[in-house]
Amino acid sequence: METTIHSSQPGVATKRRVLAQVVVCSGCCCGRTDKGRPAIPLDWLKRTWKEKRLLRHVQLTISGCLGPCDIVNVISIVTKHGDRWFGGITTDEPFTWLVEWAEATAALGEPADLPAGLLPYEFQRFTE
């Protein structure tokens, strides 16, 4: 369902109702196998997101550095409930879980519960 979402700024509106955004760091350190860091399956992730037509529901953003650089392969998941940060990802399995979560979110029409396997990778990005 397409709805117009208005902001507090006059003239700024979007017709795109996105339920969430997954931001994958691909900056100075994350995924940099040339620096001895574990790979990120970026091509697979982008291709799979496109094939499953997830972009209309869950925005996939491949970003520059998200920091903190002492944690490898950082991901931020942004929903109406806030931001959650994950890192220390050294295998491809958590990326599969992200795709599955995005599919569930699209099917529900709201952010699904995060996969239990992803939770051990969660960290607090900012100090309180």
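For the single chain, residues carry numbers from 1 onward in sequence order. Hydrogens, waters and symmetry mates are skipped; everything else that's a heavy atom, side chains included, is used.
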Which pair of heavy atoms, one from Val74 and one from Gly67, lies closest together, and at what distance? CG1-O, 3.7 Å

Cluster overlap Trp97 with Ile75, hydrophobic side-chain contacts below 4.5 Å: yes

Membership question, hydrophobic clusters at under 4.5 Å side-chain separation (ILVMFWY): are Leu119 and Val24 in the same one? yes

Stepwise side chain to side chain contact (heavy atoms under 4.5 Å, CB included) check, Leu45 with Val99: CA-CA 8 Å; Leu45 195 58; Val99 170; 3.9 Å; yes

Cys69 and Cys28: CA distance, side-chain angles, deciding distance, side chain to side chain contact (heavy atoms under 4.5 Å, CB included) verdict: CA-CA 8 Å; Cys69 294; Cys28 61; 3.5 Å; yes

Flag yes if Ile40 and Ile62 sit in one hydrophobic cluster, no otherwise; membership is Ile, Leu, Val, Met, Phe, Trp, Tyr, and two members link when side-chain heavy atoms are under 4.5 Å apart. yes

Qualifying residues under side-chain contact (heavy atoms from CB on, under 4.5 Å), relative to Ala112, sequence neighbours excluded: Trp101, Ala104, Thr105, Leu108

Side-chain heavy atoms under 4.5 angstrom apart, residues restricted to Ile, Leu, Val, Met, Phe, Trp, Tyr: same cluster for Leu114 and Leu19? no

Does any pair with a residue in residues 35-51 pass side-chain hydrogen bond (donor to acceptor under 3.5 Å, both in side chains), and if so which ones, sequence neighbours excluded? Trp44-Thr48

Do the side chains of Ser26 and Leu42 get nearer than 4.5 Å, heavy atoms only? yes

Where Leu60 and Leu55 come nearest, the two heavy atoms and their spacing: N-CD1, 3.6 Å

Determine which pairs satisfy side-chain hydrogen bond (donor to acceptor under 3.5 Å, both in side chains) with at least one residue from residues 73-94, sequence neighbours left out, and list them in order. Arg84-Glu122

Taking every non-hydrogen atom, the tightest pair across Ile71 and Gly88: CG2-N, 3.3 Å

Looking only at heavy atoms, which two atoms of Cys25 and Gly64 are closest? And how far apart? SG-O, 3.8 Å

Can you check whether Thr61 reaches Gln21 side chain to side chain, under 4.5 Å on heavy atoms? yes

Cluster question for you: counting only ILVMFWY and a side-chain heavy-atom cut-off of under 4.5 Å, with indirect links fine, are Phe86 and Leu98 together? yes

Member of Lys52, His57, Arg53 meeting the side-chain hydrogen bond (donor to acceptor under 3.5 Å, both in side chains) criterion with Glu103: Lys52

